Amino acid sequence: MQPIAAKGEVLRLFCSYGVASSAATTEPDDGDASTVTKKRATNKPTPKTVLDKRTVADCTFDAIPVFDASGKQTGTVPNEAQAFYDIHDTHKDAPTGFRLRVNRSVKTYVLVQRVASKVKTVSVGRHPDLLLGAGVAPDRNARLVAAELSARLRRGEDINQTKREERLATQKSEVTLRVLFSRWMADYVASAKRDPRENTIAAVEKAQQRLGHKLLDTPADALTWRDLEVFFVDKATKKGHLTAAEQTIRWVSAVYNKENHRITLDALQAKSQPSLYANPAEIFIKTGALRNNAELERDYDKKGVRRPLSGQREHFRKWLDYVVAARDDLNKSRTGADYMLLTVVLGMRRNETAGLLWNDRLSKAPEPGHALRGYNFIDLDHAVAVLNVTKNRYAHRIPIPGFVLQMLRERRLLVGDSPYVFPRVSRSKLAKAAHYNDPRSFLDEVKKAIKVNFSTHDLRRTFGNIVTEMGLPDRLARQLLNHKSGGVVARYADQSLEQLRPVMEDVEDEMLAYATTSPKPKRERHFKTRSYA
């Protein structure tokens with residue numbers, strides 16, 4: 001009797017996990033539930049659990065997961081019938097009948113619902129085209145897509161017929177360069193591991209604007225390097241915008257590479273040979289038509305841009321005298337002067353300076369806009385600037401030396417209850433930022449007064465040049481500039497906040513020494529005698 005009971009138990013397990021015999025179930029063709037009629041016995045329930053990314057990833061065709069009554073997986077049983085099986089999703093946001101269907105080569109989300117007197121099975125989409133969990137874009141969230149299909153089913157729509165018509169329409173229309181850009185952008189914004197940056201999004205949008213409708217609407221498999229060459233010559237040579245032309249070509253190459261990567265992954269999943277696009281922008285890179293970093297620097301030097309003010313002592317002296325004096329001149333911009341002084345003394349990027357908040361006013365600040373994005377703020381009590389939103393995504397803390405600390409304390413009184421260190425001064429209704437964003441008018445005023453051409457980012461280069469002239473080791477200069485490189489050893493060699501404080505005091509003293517009249521009380525300067533090795 002024992003062998004018979006054991007055999008019955010095995011049969012009960014297989015039945016309870018929805019593995020039907022070949023006579024009872026027709027296996028879908030690669031998971032496309034909309035094209036196959038399925039016959040499933042009503043007394044064979046589907047296993048139930050709350051689906052998540054790990055559960056979906058761990059499911060295999062040859063081993064059927066076993067769950068207990070609470071939905072916790074307790075093991076697997078062999079898929080001896082070699083037929084597809086379903087796992088019912090019990091998540092609170094899942095519509096009725098939402099399931100994961102595991103086939104031999106693909107995993108598909110399906111919706112099985114009774115409509116009138118018939119049971120309808122609709123394909124929601126394949127994994128990983130659709131995903132589960134927080135941070136997934138609505139159009140790629142499997143449960144949200146299923147909920148929309150469920151609503152359409154209840155309204156009486158024949159979704160399978162609609163999908164067949166849409167599939168035929170898609171096959172007739174070719175994928176264009178514009179579509180590749182859209183897919184790249186969707187993947188970039190939807191990625192949960194990244195913090196989408198407004199600068200990156202703006203750069204992609206500008207690249208599309210430069211390309212124009214004709215190139216963007218060209219089929220992706222028909223676009224050639226000669227088409228791009230016509231654009232490049234017109235933009236770079238005739239209109240003189242070489243840098244913009246190069247950036248656009250690099251973005252075209254990036255969206256093609258991204259699409260080919262997606263095609264390769266799909267082919268690996270389906271165990272088929274990928275049909276990749278020929279990247280028409282690749283020839284520009286391989287033939288050296290685009291400038292490399294060394295060539296870019298030579299061109300910048302030739303044009304007189306990207307030069308730190310400290311490259312000539314007289315330039316920085318004039319700049320420092322003018323900006324410090326502007327702080328007390330009612331006819332000049334106190335905000336613009338403080339903005340520039342803070343940027344140059346702490347070596348920050350302009351967007352890091354612009355959005356600075358007071359740490360005790362963070363509750364009044366707008367939401368960061370992304371789960372991974374934090375705030376950049378000033379902590380006056382501990383004399384530290386904390387940067388959580390940086391270009392390289394590494395958090396950065398900068399000790400605030402004496403002169404800048406006093407300047408910030410004065411600003412705190414000036415801005416009142418505003419959460420921003422530099423509140424917006426423009427009264428224009430067209431201004432988008434809630435804080436001071438770009439000292440363009442004050443920048444032009446300073447350049448005209450001292451007769452020196454510079455940009456706001458040159459202030460950060462000035463900081464880098466001065467710390468180099470002071471003889472700081474390269475690893476320490478990189479840490480102050482928040483340039484992360486050198487691997488694990490460099491991370492262990494980083495200085496603590498309090499170890500950096502006297503270094504920043506020395507940097508500030510060195511900068512202020514350029515001024516004709518020092519804007520801070522004199523104290524013993526010891527940077528020349530200090531060893532940083």
Side-chain angles (χ1 to χ4, degrees), residues 14-52 55-56 59 61 64-65 67 71 79 81-133 136-172 269-270:
F14 270 77
C15 290
S16 66
Y17 292 98
V19 182
S21 66
S22 58
T25 305
T26 302
E27 182 177 349
D29 180 17
D30 288 337
D32 189 354
S34 63
T35 61
V36 179
T37 301
K38 287 157 286 297
K39 300 178 181 178
R40 183 182 300 278
T42 56
N43 62 345
K44 296 179 180 179
T46 304
K48 299 179 180 180
T49 189
V50 175
L51 290 175
D52 55 31
T55 302
V56 174
C59 287
F61 180 75
I64 304 170
F67 304 95
N79 187 358
Q82 291 295 286
F84 75 88
Y85 63 91
D86 291 353
I87 301 177
H88 189 100
D89 184 20
T90 59
H91 191 276
K92 62 183 179 62
D93 295 333
T96 303
F98 179 64
R99 307 176 179 187
L100 173 71
R101 177 157 294 177
V102 182
N103 280 277
R104 188 180 302 277
S105 57
V106 296
K107 299 169 187 176
T108 309
Y109 297 106
V110 298
L111 195 63
V112 182
Q113 290 187 350
R114 180 175 294 278
V115 180
S117 60
K118 296 182 179 180
V119 175
K120 299 273 188 177
T121 301
V122 176
S123 175
V124 177
R126 291 184 177 186
H127 171 81
D129 293 337
L130 296 182
L131 301 171
L132 298 171
V136 179
D139 59 340
R140 296 189 64 192
N141 189 308
R143 292 190 181 101
L144 293 181
V145 175
E148 181 184 357
L149 293 176
S150 177
R152 290 164 60 185
L153 274 175
R154 292 195 301 271
R155 291 195 296 266
E157 181 180 347
D158 188 342
I159 294 178
N160 288 335
Q161 178 61 30
T162 302
K163 286 193 171 188
R164 281 191 290 270
E165 293 172 355
E166 290 175 349
R167 191 180 302 116
L168 291 174
T170 301
Q171 290 173 353
K172 293 179 181 178
Q269 183 74 24

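Throughout, numbering of the chain's residues begins at 1 and tracks the sequence. If you're wondering where the values come from, they're calculated on a predicted model, not measured in any experiment. What's counted below: heavy atoms across the whole structure, side chains too, no hydrogens, waters or symmetry copies.
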Revision key, fill the gap. In short, Thr96 meets Gln113 closest at the heavy-atom pair O-NE2, 2.7 Å
Check your understanding: Are the charged groups of Arg99 and Asp89 less than 4.0 angstrom apart, N to O?
Key -> no
Exercise for review: Ignoring hydrogens and angles, tell me if any N or O in the side chain of Lys120 forms a donor-acceptor pair with the backbone of Val112 under 3.5 Å.
Suggested key: no
Exercise for review: Please list, chain by chain and in numerical order, all residues satisfying side-chain contact (heavy atoms from CB on, under 4.5 Å) with Glu157, sequence neighbours excluded.
Suggested key: Arg152, Ile159, Thr162
Point to revise | Spatial distance of atom CG (Leu100) from atom CG (Asp86) [nearest 0.5 Å] | key: 8.0 Å
Exercise for review: Identify the two heavy atoms, one from Arg114 and one from Val119, that lie closest to each other, and give their separation to 0.1 Å.
Suggested key: NH2-CG2, 3.6 Å
Exercise for review: In sequence, state the C-alpha distance, the side-chain angles, and the governing distance for Val102 and His127, and then conclude on side chain to side chain contact (heavy atoms under 4.5 Å, CB included).
Suggested key: CA-CA 10 Å; Val102 182; His127 171 81; over 6 Å; no
Review point. Can you check side chain to side chain contact (heavy atoms under 4.5 Å, CB included) on Ile87 and Phe67, steps first, answer last?
Key: CA-CA 10 Å; Ile87 301 177; Phe67 304 95; 4.2 Å; yes
**Study point:** Results of side chain to side chain donor-acceptor pair (under 3.5 Å) for Asp129 - residues two or more places apart only
**Key:** none
Check your understanding: CG of Leu132 to CZ of Arg140: how many Å apart, nearest 0.5 Å?
Key -> 11.5 Å
Practice item. Return the minimal non-hydrogen interatomic distance between Thr108 and Arg126, and the atom names on each side. Key: OG1-CG, 4.1 Å
Point to revise | Side-chain donor-acceptor contact under 3.5 Å, Arg104 with Gln82 | key: yes
Point to revise | With sequence neighbours excluded, residues passing side-chain contact (heavy atoms from CB on, under 4.5 Å) with Thr90 | key: Lys48, Val50, His88
**Study point:** Rounded distance (nearest 0.5 Å) linking atom CZ of Phe98 with atom OG of Ser150
**Key:** 11.0 Å
Point to revise | Residues that Leu130 engages under side-chain contact (heavy atoms from CB on, under 4.5 Å), provided they are two or more places apart | key: Tyr109, Val124, Ala142, Val145
Practice item. Identify the heavy atoms of Gly133 and Asn141 that sit nearest to each other, and give their distance. Key: O-ND2, 3.9 Å
**Study point:** side chain to side chain contact (heavy atoms under 4.5 Å, CB included) assessment of Asn160 paired with Val122
**Key:** CA-CA 6 Å; Asn160 288 335; Val122 176; 3.9 Å; yes
**Study point:** CG on Asn79 to CZ on Phe61, rounded to 0.5 Å
**Key:** 5.0 Å
Exercise for review: Using side chain to side chain donor-acceptor pair (under 3.5 Å) as the criterion, list what pairs up with Thr49, not counting sequence neighbours.
Suggested key: none
Check your understanding: Is there a side-chain contact between Tyr85 and Cys59, using heavy atoms and a 4.5 Å cut-off?
Key -> yes
**Study point:** Basic-acidic side-chain contact under 4.0 Å: Asp93, Arg143
**Key:** no
